[in-house]
2 protein chains.
Amino acid sequence: MAKERVTVVDIARAAGVSKSTVSLVLQGSSLVNEGTRAKVNATIRELGYVYNRSAANLRQSKSKIIGIVVNDLTNSFFAELAVGVDTVVQSAGFVQFLANTSEKIERQREVVASMREHGVSGLIISPARGTEAADLAPLVESGIPVVLVVRDIADAGVSSLTSDNHAGAMAAVRHLIERGHRRIAFLGGFPDTAVFEARMRGYRDALLEAGLDTADGLVIGSAPSRAGGVTAIEQAMMLSDRPTAALCFNDAVAFGVCDGLRARRLEPGADFAVIGFDDVIEAKTAVPALTTVSVDPQGMGQRAAELLLKQINAGKAEAESIVGSVRLVVRQSCGAAIERKKREALS
Amino acid sequence: MAKERVTVVDIARAAGVSKSTVSLVLQGSSLVNEGTRAKVNATIRELGYVYNRSAANLRQSKSKIIGIVVNDLTNSFFAELAVGVDTVVQSAGFVQFLANTSEKIERQREVVASMREHGVSGLIISPARGTEAADLAPLVESGIPVVLVVRDIADAGVSSLTSDNHAGAMAAVRHLIERGHRRIAFLGGFPDTAVFEARMRGYRDALLEAGLDTADGLVIGSAPSRAGGVTAIEQAMMLSDRPTAALCFNDAVAFGVCDGLRARRLEPGADFAVIGFDDVIEAKTAVPALTTVSVDPQGMGQRAAELLLKQINAGKAEAESIVGSVRLVVRQSCGAAIERKKREALS
DNA sequence: ATTCATAATTGGAACGTTCCAAATTCGTCA
DNA sequence: TGACGAATTTGGAACGTTCCAATTATGAAT
């Protein structure tokens, strides 16, 4: 059982070549003769050789590992983002270190340090709340490509991939206004984040554009989770002049808002219009199907990974900030159902 | 910018000690004098040294990496499982390689091979459908501890951590029978998996115990997802003698069943009883709150990680098969709401 | 046959750590 | 003061790969 590790020199001896040749074969070099390549590959299989990446990494001082750190894997958005990254990263022959910070900056520090020790060749990170440019400095100084996703950090000097939160929120609110809503709330999310800020400005600008009131009471923060959505809508319904529609910080909040509405015997879509943000996978199949601003989390993960790989291959690249476009996908939760019902009632 | 890597010998030189001493400090050995330890730590910080794990791994031929491979990270169950693993693994000073197989056996082969090359010191795996004992053989032969989660594989000779699917399903169905249901369906899941098999037998045994019919038409397979739940309930409602309640393969299916019910203007909990399996995080906050068999995914991840760490530390341990206990958590989707309503109507 | 370019192969020196056995320092006790 | 054990410290030799410079085989052209 306790068999010795098989190494390149074992292969070399068995195949009657030098270890250098074996190494060349391992790297798929075109320098090596077709015949010897076949022979070497045969003995590799025969002896059950397994490549030792630690040794290779040490020698080349680089690895085939990329790190990805997210705030909350339990949130579908990040889970989908991670699988998006995984697919492209894997097919490029890399492997993914995934870590979850639970939004804790201390934990983030630890995992980033750990990844650095492991010599990741790049890092995709959705920074925890309160992350500063200085926290990323050691990384960028040592020349490790970093791409920020979801949340940007000013002056960090690294690439970032975010979504056009402002435009998305505006589109959503305009849609609600077109449907006749006048009292529209903005629900959920932590107010001290850039993403919240951008979406909220979009919401407000659409209101202003239509000459509507932007009274502050209608924007209600909460945790960006399903539970947070429940508390936010409860708070909104205590207002003397209740809203009739809401744009939610994200889909999780939107689902929570639907739950809270039902708890008050109000049917989302029919009695109250709700729009989410993200277009998480469940949005399509939920009942009522969630109208939401699609940012395509999996696609975002893929693009982030591609951006990172490009930088890794280029050696040293300019930091670029991409803001992905976004589109409103209208389903039922914003009241498509009412319109139809009215029409049906007329005919 | 292009600064040289700082190594232990640089530290040694700067601190006026030997590299061996620095190494000792790095490992927190008690052999080294308090004064020199402090001095060394100071210069480490000063020079911005970062530990090179590749080198350490090479020397010790072991790593502080554990691998985890799941079938579908997009499913909350697995995301929570991964988070559970992450928490305990991290605090033990390990780091987690996470890979997603999308239930593809080929992909699984690749990622397992890759993990082996990286020298993971242990592996937690929820095997893709169709995985055989032979697929894991190379791993166990090379002495890498493996723990199977969720799905067991016969004769693989490795530890496993599953749930008492049979007992859980029985408890759920008994509960439905107590509430007066007689036509109970079993919805969703792939029929060719061991988990399906076990849950379905539990369902059937509870029916038999109560002297009820176990006509085959009431068990309807589907993909174990939300979308699958929708199609399963649709099929169930086409039966001439419709069920009035269902035990679902998992929570995702249960949510889909609720969606499908609503699409037919039936209110889950009031007009039809549904019970899920897993107790995913959304189960509590959904409306109606989902009655489900709790397997505590995050806790399961933690226990799996603890089991694996135990084996890693023990060197060579006996394979143990743990089947975790499970409990029915009664919420609203199984009709608690009806009962209350009836009582309210009477008073 | 000799030369020359090209194709293929090869030793040995890294890479940055850990571990072993041996060496040095220190305090204490005779 | 010398000796002795304990506490610290320390040179090298690994670990398994890759890379460089150098060597050898191959074949074409003279």
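Every heavy atom of this structure was used, including side-chain atoms; hydrogens, water molecules and symmetry mates were not. Keep in mind the model is a prediction, meaning the values are calculated, not measured. Sequence lines set the chain letters: A, B, ... in the order given, protein chains first and strands last, and positions in each chain run from 1.
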task: Check step by step if side chain to side chain contact (heavy atoms under 4.5 Å, CB included) holds for A/Leu47 and A/Ile11.
output: CA-CA 8 Å; A/Leu47 301 196; A/Ile11 302 293; 4.1 Å; yes
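- Side-chain atoms of A/Val9 lie closest to D/dT17 of the nucleotides C/dG16, D/dT17, D/dT9.
- Checking D/dT17, C/dT9, C/dT17 against every side-chain atom of B/Ala56, the shortest atom distance belongs to C/dT17.
- Closest to the side chain of A/Arg59, out of C/dG16, D/dT18, C/dT9, is D/dT18.
- Closest to the side chain of A/Ala55, out of D/dT18, C/dC19, D/dT17, is D/dT17.
- For A/Val17, counting side-chain heavy atoms from C-beta on, the closest listed nucleotide (D/dG11, D/dT17, C/dT10) is C/dT10.
- Comparing D/dT10, D/dG16, C/dT10 against the side chain of B/Leu24 picks out D/dT10 as the nearest.
- Counting non-hydrogen atoms under 4.0 angstrom, A/Ser54 reaches nothing in the nucleic acid.
- Taking the side chain of B/Val32 as heavy atoms from C-beta on, and the options D/dT9, C/dT10, D/dG16, the nearest nucleotide is D/dT9.
- Rounding to whole angstrom units, NZ of residue A/Lys19 and P of C/dA13 are separated by 10 Å.
- Residue contacts shown for B/Ser23 include a base, since a base heavy atom lies under 4.0 Å away.
- Note: CG (A/Leu26) to P (D/dG16) measures 14 Å, nearest angstrom.
- Two residues are said to be in side-chain contact when any heavy atoms from C-beta on lie closer than 4.5 Å; B/Asp86 and A/Arg107 meet this criterion.
- Atom CZ of A/Arg116 is separated from atom P of C/dG16 by 15 Å (rounded to the nearest Å).
- By the 6.0 Å contact criterion, CG on A/Asp192 is enclosed, its count of non-hydrogen atoms from other residues, nucleotides or ligands being greater than 12.
- The NZ-P distance, from B/Lys62 to D/dG16, rounds to 16 Å in whole Å.
- Computed from coordinates, the B/Arg13 CZ to D/dG11 C1' distance equals 15 Å when rounded to whole Å.
- Side chain of A/Val8, nearest nucleotide from D/dG16, C/dT9, D/dT17: D/dT17.
- Between A/Ser18 and C/dT10 there is a side-chain N or O to OP1 or OP2 distance below 4.0 Å.
- Candidate nucleotides D/dT17, C/dG11, C/dT9 were compared by shortest atom distance to the side chain of A/Ser20, and C/dG11 ranks first.
- The nearest whole Å value for the distance from the CG atom in B/Leu31 to the P atom in C/dA21 is 15 Å.
- Between the side chains of B/Thr193 and B/Arg151, no donor-acceptor pair is found at a separation under 3.5 Å.
- For the pair A/Leu58 CG and C/dT18 P, the computed distance is 12 Å after rounding to whole Å.
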- request: Please lay out, stage by stage, how A/Gln27 and A/Ser23 fare under the test side chain to side chain donor-acceptor pair (under 3.5 Å).
  value: CA-CA 6 Å; A/Gln27 299 166 75; A/Ser23 175; 2.9 Å; yes
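- In this structure, B/Arg37 places its CZ atom 15 Å from P of D/dA7, rounding to the nearest Å.
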